[in-house]
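Some notes on the structure that comes next.
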Amino acid sequence: MAHLMTRRTKFVLDEDRIPRAWYNIVPDLPVAPPPPLHPGTGQPLGPDDLTPLFPMALIGQEVSGEAEIEIPEPVREAYALYRPSPLYRAHRLEAALDTPAHIYYKYEGVSPAGSHKPNTALAQAFYNKQEGVTRLATETGAGQWGSALAFAGVYFGLDVKVYMVRASYDQKPYRRILMETYGSEVVASPSSTTNYGRRVLAETPDSPGSLGIAISEAVEDAATRDDTKYSLGSVLNHVLLHQTVIGQEAIEQMAMADEEPDVIIGCTGGGSNFAGLTFPFLGRKLRGQADYRVIAAEPEAAPSLTRGRYTYDFGDTGRLAPLVKMHTLGSDFVPAPIHAGGLRYHGMAPLVSLLMDQGVIEARSVHQRECFEAGVRFARAEGILPAPEPTHAIKVAIDEALAAREAGEERVILFNLCGHGHFDLSAYERHLAGDLEDYEYPAEAVDAALAHLPTV
Ligand SMILES: Cc1ncc(COP(=O)(O)O)c(C=O)c1O
């Protein structure tokens, strides 16, 4: 018997709808972004300060005031391997929660690396290749960014060295193997291959590592070799810019669903998947064309937006990277080894911090165990196993859906399911066995780290 589907689960765009330009939020901001400063002199950075680390095209994007930046055709072609990514209506999760809310999620786990990270990795590899660079150095927290850059490196023909945070290196051997399969070299950070890594190991031989430490190692690597540039998977303006393909597609897909979101949610480590989904919507909000509540979901173990200070700080622990104005817990704060390795960062993207400071977005911090519970609930309803990072967004989305039930309101909720958790099964195993810990907000460690803030 013919069966007519009366409701739609997936909203899928054709390949020619891959965006042609990235959206730059800077001209729509209520105030101008404070400039990055030189880590040695404390003076505003000039392009020359960044050339040892980045190709000129990316430096240009970092400081651009243009509303749109055209996506080069070879990058769009690479995007076509997995973009446009699908938008789903979470009918089964809605039913499981018995909520009148309509829940949508943009699924970035369809990329070869399994997350949103290739959106910028491919662009960065392209521009480096175009300017004659042959090797990239980077850090990775969860292993997702390292996998993305390893994939982008082999796609555009660049060697890649990845400094993988020790805690993740031990938790996720298969991420390392994926990166090595793409042809990259991977070491656990702190490593003995850089001066900074050796210094950390001498002081703390059993250091779990952190993104801040791994960034210092990768920056040192790039700054001390002529053939190498540095590549960062989050935080910087050009990284957030590249991620805006997510939100631009989502705007079209929400229109296909004939709905406007009331609430938009993303998890925040350095802020890139959050910005990628929300900035195109926030542009509309800032231009007075629409209104949304926008919520950043962060871990209680590294709550930079909810508990950090909005001030100039170093982006890395070794104090080699530029000073940027952001919400920070102090650059030598090492977050507890939660399984959402991509969220273990002391700072936040300056653009996201500015929006928080201006009251344009909200933030909420959540504990590890309630996030894994939300992740399991989501997997049992929708089938997709989320990476530990987006379980933070799922937890907040579920809370919002339950609040809508309480209020008896049909709210529309959109969140970014920015990666799958197929390489995070040991974390799920520990969760299912009841072995995962919650880490209380480490007030003393944060106070100690904030006492070392630079004076500018
Ligand atoms: C799947 C996933 N989500 C989120 C993040 C956090 O980064 P960001 O805040 O830049 O999206 C990471 C970082 O590694 C990640 O791998």
Side-chain angles (χ1 to χ4, degrees), residues 85 105-121 124 138-151 162-165 167-169 171-172 175 178-179 209-212 214-215 231-247 265-279 295-299 301-305 315 326-327 335 338-353 356 361 363 371 375 384-394 415-424 427:
S85 68
Y105 56 95
K106 181 77 166 151
Y107 184 41
E108 290 293 307
V110 292
S111 82
S115 77
H116 63 296
K117 297 284 181 182
N119 297 334
T120 183
Q124 293 190 40
T138 198
E139 73 293 327
T140 192
Q144 289 268 20
W145 166 244
S147 305
L149 197 69
F151 156 62
V162 182
Y163 294 85
M164 185 173 189
V165 173
S168 288
Y169 187 93
Q171 286 162 358
K172 300 188 202 185
R175 274 278 166 208
L178 179 62
M179 291 184 260
S210 70
L211 275 170
I215 291 171
S231 185
L232 184 63
S234 189
V235 180
L236 297 176
N237 297 358
H238 68 267
V239 180
L240 276 51
L241 176 84
H242 299 153
Q243 293 294 352
T244 59
V245 288
I246 304 173
I265 302 161
C267 67
T268 44
S272 77
N273 86 85
F274 170 81
L277 176 66
T278 65
F279 279 13
I295 310 176
E298 63 180 12
S304 53
L305 282 172
M326 62 177 174
H327 285 82
I338 52 168
H339 284 266
L343 307 187
R344 291 184 64 236
Y345 185 57
H346 66 273
M348 185 50 58
L351 289 176
V352 174
S353 289
M356 179 77 190
I361 63 168
C371 289
I384 298 171
L385 186 80
E389 291 81 8
T391 64
H392 293 66
I394 295 172
F415 72 88
N416 200 1
L417 182 53
C418 57
H420 68 63
H422 297 175
F423 292 98
D424 302 285

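What you see is a predicted model, and the numbers here were worked out from it, not measured in a lab. Every number for a ligand or one of its atoms is a count from 1 in the order of the listing.
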**Prompt:** Numbering the atoms of ligand 1 from 1, which are under 4.0 Å from a heavy atom of Gln144?
**Reply:**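 Checking each atom against Gln144, I get 1 (C), 16 (O).
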**Atoms of ligand 1, numbered as shown, that sit under 4.0 Å from any heavy atom of Thr268** =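 Ligand 1 atoms under the 4.0 Å threshold to Thr268: 9 (O).
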**Asked** When rounded to the nearest 0.5 angstrom, what is the spacing between OG in Ser168 and CG in Leu211?
**Response**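 Ser168 atom OG to Leu211 atom CG measures 8.0 Å (nearest 0.5 Å).
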**Request:** Looking only at non-hydrogen atoms, find the nearest pair between Ala214 and Glu139 and report the distance.
**Result:**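 Nearest pair, atom of Ala214 first, then Glu139: CB-CB, 3.4 Å.
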**Message:** Looking at every non-hydrogen atom in both residues, tell me the closest pair between Cys267 and Leu343 and how far apart they are.
**Reply:**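 Here Cys267 and Leu343 meet closest at SG-CD2, 4.2 Å.
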A side-chain contact here means heavy atoms from C-beta on lying under 4.5 Å apart; do [X] and [Y] qualify?
| X | Y | value |
| --- | --- | --- |
| Ser147 | Lys117 | no |
| Arg175 | Leu178 | yes |
| His116 | Ile246 | yes |

**Request:** Of the side chain and backbone of Leu343, name the one, both, or neither that has a heavy atom under 4.0 Å from an atom of ligand 1.
**Result:**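 Answer for Leu343: side chain.
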**Request:** Classify the contact between Asn273 and ligand 1 as side chain, backbone, both or neither, using a heavy-atom distance cut-off of under 4.0 Å.
**Result:**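 Near ligand 1, Asn273 shows its backbone as well as its side chain.
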**Request:** Counting heavy atoms only, name the option from Ser234, Ala148, Gly146, Cys418 that's nearest to atom 10 (O) of ligand 1.
**Result:**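 Looking at heavy atoms only, the winner is Ser234.
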**Nearest neighbour of atom 13 (C) of ligand 1 from the list Glu389, Lys117, Glu108, His116, on a heavy-atom basis** =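 It is Lys117 that holds the nearest heavy atom.
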**Asked** What protein heavy atom sits nearest atom 6 (C) of ligand 1, and how far away is it?
**Response**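 The protein heavy atom lying closest is Gly342 O, 3.3 Å.
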Would you check the N or O atoms of [X], main chain and side chain alike, for any that come under 3.5 Å of an N or O of ligand 1?
| X | answer |
| --- | --- |
| Gly271 | yes |
| Gly233 | no |
| Gly419 | no |
| Ser272 | yes |

**Request:** Would you check if there is a donor-acceptor pair between the side chains of Asn273 and Glu389 at a distance under 3.5 Å?
**Result:**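 Short answer, no.
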**Flag for Ser353-His327: side-chain donor and acceptor within less than 3.5 Å** =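 Short answer, yes.
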